[in-house]
Amino acid sequence: MNTNAPQRRGVTAIDGALALIAVLLMVQIWLLSSTLEEFLAGRRDAATPGAIISCGIFLACLGLYLLIERVDAEVRKD
Amino acid sequence: MKLFRRPSSDPLWRDEFSVSTADERYVNRRQFAKFLTLTSLAMAAGNLWIAMRGWLYRQPAYPRNLVAGVDEIPVGGVKLFAYPEAQDTCILVRTPANTFAAYSQKCTHLSCAVYYSKESNRLECPCHQGVFAIADGAPVAGPPQRALPRILLEQKGSSLFAVGIDLGERA
């Protein structure tokens, strides 16, 4: 019987969460650059929705980071 | 408290700095996740800063400056002037259609000075071959992605006045 199963599951969960954070970060980079481009072009309408979505993405990243911390702590405890 | 160093063959510095270089460079998943999350925070702060600039932006009150007399510029001729400040150079063109058009002279790519090409009836940037339409200042060729800011003109008798700037949506 594999005694490392919980650790393996934990690592897989952490890797998945990391991949999701990376994808969210790429979306956020695109959002920041396009919002800045619009702002410099004199179109300020996109700034507020851009900021709201960017903050939402950050909260999602924070949630995933806290999930990683929790999973990591649980796996180490086992 | 340990008063004496244990007898060992290792040099003293190895006891003092017991973390090896390889371990120092090791970044675990948690540290990497923390780094990515902080990067996300920085980008959210950047977006918020842009939004704040948008909220605090107030349309400036532009002065009404005399630019030129109507008869001063021949058809196809140009005149350079500064508006609204002395360092903001602009270009006034009397087009072949006998209309006046004025734009900021700073190319929206890398701020080189654009000039009027009478042959092609368009504004051209010599630095990177950016081209702007004379009708509305929109970029038509080259690297610029944004239109030239248009100087709003008002004709009073035989005089032309600059009364404002239109950043516009003429991408």
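Proximity of A/Leu18 to B/Arg29: side-chain heavy atoms (C-beta onward) are separated by under 4.5 Å at one or more points. Proximity of B/Met43 to A/Leu25: side-chain heavy atoms (C-beta onward) are separated by under 4.5 Å at one or more points.
Contact of A/Ile14 with chain B is made through the side chain alone, with heavy-atom distances under 4.5 Å. Of the two parts of A/Ile29, the backbone and the side chain both hold a non-hydrogen atom closer than 4.5 Å to a non-hydrogen atom of chain B.
Per-residue heavy-atom pair counts under 4.5 Å with chain B were compared for A/Ala22, A/Cys55, A/Gly56, and the maximum is reached by A/Cys55. Ranked by heavy-atom pairs shorter than 4.5 Å toward chain A, the options B/Gly46, B/Ala33, B/Ala45, B/Gly54 are led by B/Ala33. Each of A/Leu62, A/Asp15, A/Val11 has some count of heavy-atom pairs under 4.5 Å with chain B, and the biggest count is that of A/Asp15.
Atom CG of B/Leu48 sits about 10.5 Å away from atom CZ of A/Phe58, to the nearest 0.5 Å. The distance from atom OG1 of A/Thr35 to atom CG of B/Asn47, rounded to the nearest 0.5 Å, is 4.5 Å.
Cluster annotation: B/Phe132 is connected to B/Val78 through the hydrophobic network of ILVMFWY side chains, with a link wherever side-chain heavy atoms come within less than 4.5 Å. Transitive grouping of hydrophobic side chains (ILVMFWY, heavy atoms separated by less than 4.5 Å) keeps A/Leu20 and A/Met26 in distinct clusters. Taking hydrophobic clusters as Ile, Leu, Val, Met, Phe, Trp and Tyr residues chained together by side-chain heavy-atom distances below 4.5 Å, B/Ile91 does not share a cluster with B/Phe161. Side-chain heavy atoms closer than 4.5 Å link hydrophobic residues (I, L, V, M, F, W, Y) into clusters, and following such links, possibly through other members, connects B/Leu80 to B/Val114. The hydrophobic clustering, which links ILVMFWY residues whose side-chain heavy atoms are closer than 4.5 Å, places A/Ile68 and B/Phe32 together.
When all heavy atoms of A/Ala51 and B/Ala51 are compared, the closest pair comes out as CB-CB, 3.7 Å. For the pair A/Phe39 and B/Arg53, the tightest heavy-atom approach, listed with the atom from each and the gap, is CZ-CB, 3.4 Å.
The number of heavy atoms from other shown groups lying within 6.0 Å of CZ (B/Arg64) is above 12.
Contact residues of residues 34-41 of chain B toward chain A are B/Lys34, B/Leu36, B/Thr37, B/Thr39, B/Ser40, B/Leu41 (heavy-atom distance under 4.5 Å).
A cation-pi contact links A/Arg44 to B/Tyr57, judged by a cut-off of 6.0 Å to the six-membered ring centre and 45° from its axis.
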